[in-house]
Structure formats: structure tokens, C-alpha cells
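A, B, ... follow the sequence lines: proteins, then strands. Residue 1 opens every chain.
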Amino acid sequence: MKIKNSIKWAGVASALLLASTASAYEQIDVTNGGTISGTISFKGALPANPALSITKDKETCGTGITADYYLGSGGGLQNVVVAIESIDKGKKFKKRAIIPFDNKKCMFVPHVVTAVKGQKLGINNSDPVLHNTHLYSGKKLKTMYNIALPLMNKVIKKPLRKLGPVVVKCDAHEWMLGYVYVSKHPYSTVTANNGSFSIGDVPAGNYKVKIWHEKLGEVSQDVTVAAGGTAKLNYSFSK
Amino acid sequence: MKKLALKFGLLVTGIGLIATVSMAVTAKPEKKSSSSEGFYTTFFKYSSETGNIKPVGESPPVNAGLIRYGEWSYRGFCVGCHGVKADGNGAVWELAEQYGQGHKLPRKPRDFTEAVYKVRSTPSGSLPTDEDLFAAISRGLVADEDMPAFKFLPERDRWAIVAYIKSLTDRWEEEKDDQEDPVSVSNPPMPTAELIAAGKDVYKLMKCAKCHGHLGKGDGPSAPQLKDDNDLPIEPRDFSDASMFVAGSDPKGVYMTFTTGFDGTPMPSFADFLEEQQRWELVWYVISLRNDWDINKVRADMLKANADKTPG
């Protein structure tokens, strides 16, 4: 049920994102760019993460682990994606970068990661058991890739071609859940444990910034970035 | 010419409607639909006995006319299961799911607007080739899908349906530069006891038993929780029954299945972890798990087939 809910959210999010898709991103030298930084937090105590029912491979996966939907400290919320919605040109990025994505103790590490369209996900299995990394995209969340990982420590690289939140699951361990948030530009990041984030080298201008959390949904905030300045963006989710 | 095509399209639609309605009403509601009687069985039998799976002639050029012709053919033959919107919500599916009427399909019919295809010659994540789609329409996915074979249709009609279902999504246009090449499969080596023994090790190494079970009965520890893209339960294949191989029960079909994976299902692609030799070992081990496995018969049949192919 919980998973279904998150999928619904992801579906809505990707639908919105697809609708706003425009032309390709142009890489330029950004001089005297500004910074968007701030903290994403949660009003009140963070909701409890449900306990996961570990039904197999207990010697590898362990027991008594909880989901990692709500993490953070001091009111800060971790694993929130902060991304400029639409920007046609800006800082350079490494198109050939490999985004590490590990299967470790039957959890995805990292749980949430951002990437630029065209970059590759470097999928690894650190466990001595069979995992399969099954990526879902599009508004109906259909299979994008489904890669078996029967052997340890061999990185499989797969290009990310679809925009929006890609949901990652493992059919062999039904509790595993992760996200790759794909943008067409490099102005996206994931909040740290204290909820803080920073996006640098932003050309001066007005932007809509998307704030996305797997369970709490997404909101859009207006931000004005001055040349060489720092624009503060703080947002607080509540239940 | 156009008029003729339209006329035939109407005829096809007529037949299709009758087919759809019959499918829906044949089985009695209080009885679980049986596969040993009625229109559905007759259609399956007829459709599996007539026609060719692989195209013999050239494929016609794709243009608006062919797509339109494909649309009419779709409305005739495909709409009953795949639906007016081609999203898999056809009458046969909805009637059985919502009202318990008619023939209950074991899987939700393909949603062509998403273009996620199970049986392909292309790597996981890539779209199928036109030939893959032609073959799927022709052969059907009879095993546990109840998608009948349509090889009795003229080739042009099948190519037209391919063109039409491809026109239902932007994916072919948007992802045309991202497609990975189809996997080419060589001729299988002759099965031997050594090959099969080696295949058993590959089966272990690839951890196939996780879902398919140690003896390939489809009863591995992860089997009960598996779901397809529609969030509906799906069971791993029981290898003991040769008739249950969706991508073909021949060595090449088995090779392709674990190499490309079945997108839209939990069956992943093992392409990155297997060498060519290991793949054939695995193929013959999986095939050797069948109830009716007879290595001598298979070898004799293969020798005969090879001899027939050699001229002189």
C-alpha cells in the first residue's frame, strides 16, 4: 500500500515533468553565478518508518530493518530532491559520469540520487545473493530496464534516458526501493541528513524550483537568483 | 485501392466484433472458463495451424495508408483484448475482471501506448524490432498469456498492425538514437550430458533457483511475491512444461529469454554476466528439465534437421 502510494506520487510528478519538457540543455561557462541554498525540513516529529518484513536471505539482509522513507535530524529532512524546473543553458556537467548505485544489505545505496539525462547509472551488487535492479519510468511506471545481478562487484552501466523520478525496485527482495531523479540539466541535488542543500553556478534570473520527496509529494517554489548572490530557499513539509 | 482496403477493414472489423462478443459470451459465468471447449479453443486451434510465423515477402513501406489499414485490422482482431484505447483494457479483460463474465485472461493484455514488450530480440530497455512484433502477432503468446497466433492473417495485415501499434506512442521517434542492437543468436550446439551438467552449474551461478526453484518448478523463495508492471501477481515459469515457454520453447527462444529478459515482468536480463558458451549450457540444462526430455530424440531431430538443410 505504501509502495503503491509512492508510485502514484512518482507518476504524478513525472507527468508534470514530462509536460514541461522543452528544448535541449546548452552547456556554457557561467561567470558570476549565484547559489540557491537552504534547508528542507519537516514540521514536527518525522513519521515513523515502517518495519520491513524480511522473508529471505536473512544472513545477508539482516532482520529488524526499517524502511528509509523518512530520515533526517534536527527537523531536517534527508533524501529530498531539489531541482530547478526549467533552465535552457547553464553550467557544464560530465555527460560520461557514472552515477554509483549499489545493492547493499538488500537496500539501495544511495536511496535517492539525482542524474542528468544521458548519464549512466553504475549498478553494483555488494551482496552475495541475487539482486535484480528493475527501473520503472513514465507516468504509468513501466519497465525501463530490468538487469539481473547474480554476481558480486561487477558494475553494470545503463544510460538514463527518461526525465523525472525513476523508481528502482528489486523483484527478488520486494521491500527494496530507491529513486533516481533525472533532469535534463545539472541543477539538481539531494538534501543531506540535516535537510540542507546547495546548488551553485546558477545564472542570475528567476526560477521555479521543484522540491520532491518520495512520500510527501512535490511542491514548486519561486526563487530569484542575483549575480554572485545566494538565494535562500527553505521549505517545510507537513503531514 | 484505398476503398478496397477500407472495405476489407470493415469486413475485418465485423469478424473481430463477432469474435470478441463470442469470446465474452462463450463461457458460462458460473463456470470457470474451460480451455477444452467453445469458440476460444476453436480459434486457438485454427490460428495455430494456419500460416507462417516469419515473413516470406517484403514488408510494405510504412505510410499513413498502412497505419490506417493497421488501425482497421486492429479494430477487427485486437480490440477485444487490447481495448479501444490500446491500453490493454479491452472488453475481454474488463468483463472478466469486473463482472466475472467470459474468458478470464491470465495476464493483462499489452498496453501499446507504453510500448513495454516482453518478448524481444533487443536488450532490456530497448524497443523490439519490427520483426519481433511481427513474430509476436504471428506466433501469439499462447503459453500463459492467451494471446492467440495470428499467422493466418495476410502478411500485409500483420505489417499494418505493427505499423499501427508503433504509431500509438512517441517512443519509437523519441528513442530512435538510443536503441541497442538486437542480440544475434547462432545455431545451437548439439546437447550432450557434459553440456547439461555444465548448465546446471551456470543455473546455480546465475541463481536462477531464487525464482524458478532448484528443480525449475517455478517454486523458488522469491516466487510468491512477484508482480508484473501492472502490479498483478505473476509466477515464474515452471520449466517442466515445454508448452509454457512464452518466447518459444526451442533453444533459441530460451537463449533469448534470459539474455534480453522479459521487460514488464520480474524476469531480468542476464546478458552482462554470461559468455556465449555458458548461455548454451544454460539453455540445454533448462530444456533438460522438461518432463518429456529425451536427449537421444532431440539429438536425432537436430541431426535430421541439419541434414535436410545441407544441399546435395
task: Given side chain to side chain contact (heavy atoms under 4.5 Å, CB included), test Lys207(B) with His131(A) step by step and report yes or no.
output: CA-CA 9 Å; Lys207(B) 306 183 174 82; His131(A) 286 301; over 6 Å; no
Between Met206(B) and Leu151(A), is a side chain to side chain contact (heavy atoms under 4.5 Å, CB included) present by the stated rule, with each step listed? CA-CA 7 Å; Met206(B) 292 298 110; Leu151(A) 305 179; 4.3 Å; yes
*Given Lys142(A) and Asn230(B), is the side-chain hydrogen bond (donor to acceptor under 3.5 Å, both in side chains) satisfied, shown in steps?*
CA-CA 8 Å; Lys142(A) 297 285 182 179; Asn230(B) 298 309; 2.9 Å; yes
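Residues of residues 249-258 of chain B having a heavy atom under 4.5 Å from any heavy atom of chain A: none. Within residues 267-281 of chain B, the residues having any heavy atom less than 4.5 Å from a heavy atom of chain A are, in residue-number order, Met267(B), Pro268(B), Ser269(B), Phe270(B), Asp272(B), Phe273(B). Listed in order of number, the residues of residues 51-61 of chain A that approach chain B to under 4.5 Å between heavy atoms are Thr55(A), Lys56(A), Asp57(A).
Across all non-hydrogen atoms, the minimal contact from Ser222(B) to Ala172(A) is OG-O, 2.9 Å. Summarising the geometry of Ser124(B) relative to Ile147(A), their closest heavy-atom pair is CB-CD1, 4.3 Å, with the distance given to 0.1 Å.
Within the 4.5 Å cutoff, the side chain of Asp229(B) has no heavy atoms near those of the Lys140(A) side chain. Annotation: side chain of Asp171(A) is not in contact with side chain of Gln225(B) (no heavy-atom distance under 4.5 Å).
Neither the backbone nor the side chain of Glu174(B) has a heavy atom closer than 4.5 Å to any heavy atom of chain A. Within the 4.5 angstrom heavy-atom criterion, only side-chain atoms of Ile156(A), from C-beta onward, approach chain B. If you measure heavy-atom distances from Leu149(A) to chain B, the contacts under 4.5 Å come from both the backbone and the side chain.
Other residues, nucleotides and ligands place more than 12 heavy atoms under 6.0 Å from the CD1 atom of Ile28(A).
Here the side chain of Arg161(A) pairs a donor or acceptor atom with the backbone of Asp178(B) at under 3.5 angstrom.
Under the salt bridge (Lys or Arg N to Asp or Glu O under 4.0 Å) criterion, the residue pairs touching residues 257-269 of chain B are Arg120(B)-Asp263(B), with sequence neighbours excluded.
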